[in-house]
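Lettering of chains follows the sequences in order, A, B, ..., and the numbering in each one begins at 1.
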Amino acid sequence: TMPAEMASQLESSLLNCPDSLDADTPHLHHNTLSLPHPTSIFFPNET
Amino acid sequence: TNQERMFLVFTEWVKLLQRVPGDDVKVTVFIRQMIDKGVLNTTDNMIQFTKAALELSVGSFKESDPTSEVFIATDAFSKLIVNLLVLQDFAGMNRSEYLRLMISVITMVFSEDQGRMGNSFNERPYFRLISSLLCEWENISGHNFVKIQDQYYRSQLNEFTPEFYNIIASFLHVYQPIAFPGFSFAWITLISHRMFLPKMLRLPEKAGWSKLVLLFTDLLKFMAQYTKKNDVPDAVSVVYKGALRVFLAVANDSPDFLVENHYELLNHLPHVYMQLRNVILSAIPKDLAIPNPYDPNLRIDGVESCQDAPNVFYDPVQDLKSLKKPVDNYLRIPSTSLLRVISTNVFKQEFQKDNGIGYDTVSVDTKLINAIVLHVGVEAALEKHKTTANAIFNTKSSYYTLLASLLNDGTAEVRFHVVQAIANQLRYPNAHTQWFNYVLKNFFLEDWDADTAEIQEIIIRTLLERIVTNKPHCWGIIVTFTDLLKSPECSILTLPFVMDIPEVEMIIKNL
Amino acid sequence: YGLKALLPLIRREDQSTEYDSSMTLGIDLTPVLHSLGIPSNQQSRHRVLDTFQSPWIETSRSEVEPRFFVPESFTNIPNVLQSGPQSPAFNSVQQDHAKISLFQDETLFYLFYKHPGTVVQELTYLELRKRNWRYHKTLKVWLTKDPMMEPVVAPGGASERGSYVFFDPQRWEKCQRDFVLFYNAIM
């Protein structure tokens with residue numbers, strides 16, 4: 001049987017599980033293609 | 001203090017990377033200045049700097065607004081490690097030792113953090129560190145380090161690359177779930193990382209395979225330890241789902257890895273994971289066309305690929321221990337005394353708990369039995385290649401009689417595990433599948449006196465359990481079971497132990 | 001070790017009590033393989049581990065950057081879009097109009113979806129409109145009239161039914177669809 005402490009650490013690991021964003025390639029220096037600009041609220045606001 | 005100066009240098013590095021692209025000349029200049037000014041000129045300084053950089057990275061992650069960029073320092077640290085590996089002239093310490101030292105320090109800090117924080121430990125910055133390290137290495141090493149102008153350094157780095165991945169793999173082995181359960185999900189994500197797993201699978205000369213098998217067995221051992229039959233903790237169930245997807249991806253991309261390492265993988269796979277077992281055993285070498293196993297006119301002896309024996313990456317002879325000599329001697333010159341030695345030495349010292357379908361303990365050394373069975377199969381295929389098929393497709397050959405005597409002299413438990421080990425070799429059409437198909441069919445039809453029914457039932461059970469699962473099903477299992485169903489010498493449906501169980505009778509009738 | 005041991009797996013009513021059937025008998029792997037991008041026919045096999053997002057579907061919510069290599073000759077190309085030694089930037093709606101009109105439709109769609117809340121998103125919006133594409137506010141996709149068919153305007157004049165070419169940003173391709181278009185839904 002899994003010891004209680006191990007089980008709760010495993011649960012905690014599950015809660016913090018890295019996702020695909022965490023695994024993505026780092027880009028420290030962001031070359032901005034253009035300046036921020038207020039655009040229509042109907043445009044998608046997530047890349 | 002020295003530590004404060006280390007913090008300062010690292011902070012400057014982080015800021016620099018946000019202002020210029022990673023391949024800007026100023027980055028190289030910074031590294032050169034670090035080296036020239038002796039920031040890392042001693043082992044002690046290296047240790048202190050690594051600790052400082054990691055503590056800053058993890059600290060900055062913990063303190064950052066979760067919706068912002070939380071990994072800036074961590075990513076910068078990864079980039080620093082790769083730059084140090086690539087830009088330095090390694091005279092005193094070699095690259096491997098250098099990398100091992102840094103990762104050892106990281107491991108210590110990781111372990112301390114985990115110990116201190118307990119359930120509040122957050123695996124993400126450590127995950128990110130290794131993930132980014134892999135990405136950065138990939139970035140610099142593309143096309144055999146073509147970004148490095150100097151030919152000498154380029155070839156040095158190319159030589160180092162398998163070592164790089166194997167060092168990462170060694171440390172992942174240290175971080176395995178049984179040791180650090182609070183890192184389990186990050187760990188599984190790392191061993192299947194797109195910049196790690198395919199690289200390890202495809203290193204020249206299979207240089208990454210040993211460590212990969214080690215990591216997969218770490219995963220399987222963890223699952224085996226904590227999978228109870230009817231009460232699987234939710235988190236373990238999630239682990240299983242992830243493992244299944246990873247194995248399916250490996251079966252797609254590199255089936256040869258599963259084909260050649262099935263023996264070691266199955267040694268640690270819990271018996272209750274019947275579908276996963278089938279996934280591993282159903283792997284077929286790329287570009288091999290196999291005939292339809294349900295074709296009523298199929299004859300296994302006519303299948304061309306049965307001429308070829310599958311590669312076995314890890315030689316099971318290493319696991320025979322004290323039985324190596326008796327087994328090899330018997331295969332050359334059969335004798336009943338050798339058989340007795342073998343049959344009496346397949347047991348464990350003590351009972352062990354196990355999660356089987358229908359059993360809770362195991363007193364037989366299943367790893368040893370698996371080794372004996374596979375070793376005999378390997379030797380039989382070699383014999384066929386050296387001499388003729390008649391040498392092994394022969395119930396009087398020592399290859400056959402060795403396995404037959406294990407059945408004859410064994411308890412039901414021994415018989416069961418021997419038959420299971422044989423069934424594990426009934427895979428895609430190859431020389432092992434063909435020979436073990438012959439062996440199992442003959443075992444089924446042979447006269448074992450009072451034990452005939454028991455042995456037949458064990459064989460039917462073993463084959464059936466691999467067919468009633470959801471797909472995939474192994475080609476060799478389907479073909480063998482079909483052969484038994486079609487056999488004019490014995491009608492399975494008339495066997496008492498089949499007729500006794502209507503559900504089983506129904507399934508067999510349908511098949 | 002015999003057949004009776006299989007009964008808890010086979011008998012429906014026993015199934016959930018003794019073993020976790022999702023691991024023993026397993027599950028239909030078709031949706032799992034689909035989630036991995038593994039095609040059901042062996043013909044069009046391709047590697048999936050190189051773009052593997054995560055072992056779990058739940059944590060695979062975004063694409064991950066795969067291995068790629070940029071040859072030296074692709075970098076630091078001077079005077080792209082007449083921008084001199086610097087890389088081109090799109091910082092002014094008035095000044096950068098001309099650069100935007102040089103791009104193909106697909107490039108405009110890429111820029112539109114890739115850079116929310118920026119000058120370039122605004123510029124691409126204006127240019128796509130010039131090319132008779134219209135942006136659907138709720139579907140958040142671009143569409144244009146199929147030149148082969150004339151739409152039928154509904155009585156009341158609030159909508160029309162016709163054939164349109166949509167640009168699907170998920171599949172990254174144009175596709176033709178019959179559709180009822182409400183005029184207040186597009187911009």
Heavy-atom proximity to chain C below 4.5 Å, by part of [X]:
| X | answer |
| --- | --- |
| B:Leu244 | side chain |
| B:Arg202 | side chain |
| B:Val279 | side chain |
| B:Ile507 | side chain |
| B:Leu197 | side chain |

For [Y], does its backbone N or O pair with a side-chain atom of [X] as donor and acceptor, under 3.5 Å?
| X | Y | answer |
| --- | --- | --- |
| B:Arg245 | C:Pro55 | yes |
| B:Arg194 | C:Glu65 | yes |
| B:Asn252 | C:His46 | yes |
| C:Trp56 | B:Lys241 | no |

Distance, nearest 0.5 Å, that separates CD of B:Glu465 from CG of C:Leu6
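One finds 6.0 Å between CD of B:Glu465 and CG of C:Leu6.
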
If I take atom CD from residue C:Gln53 and atom OG1 from residue B:Thr189, how far apart are they, to the nearest 0.5 angstrom?
12.0 Å

Please state whether the side chain, the backbone, both or neither of [X] comes within less than 4.5 Å of a heavy atom of chain B.
| X | answer |
| --- | --- |
| C:Leu33 | side chain |
| C:Thr75 | neither |
| C:Pro66 | backbone |

Can you pull out the residues in residues 118-140 of chain C with any heavy atom less than 4.5 Å from chain B?
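Listed by number, there are no contacting residues, so the answer is none.
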
Which residue pairs satisfy the salt bridge (Lys or Arg N to Asp or Glu O under 4.0 Å) criterion with at least one member in residues 138-148 of chain B, sequence neighbours excluded?
B:Glu138-B:Lys199, B:Glu138-C:Arg67

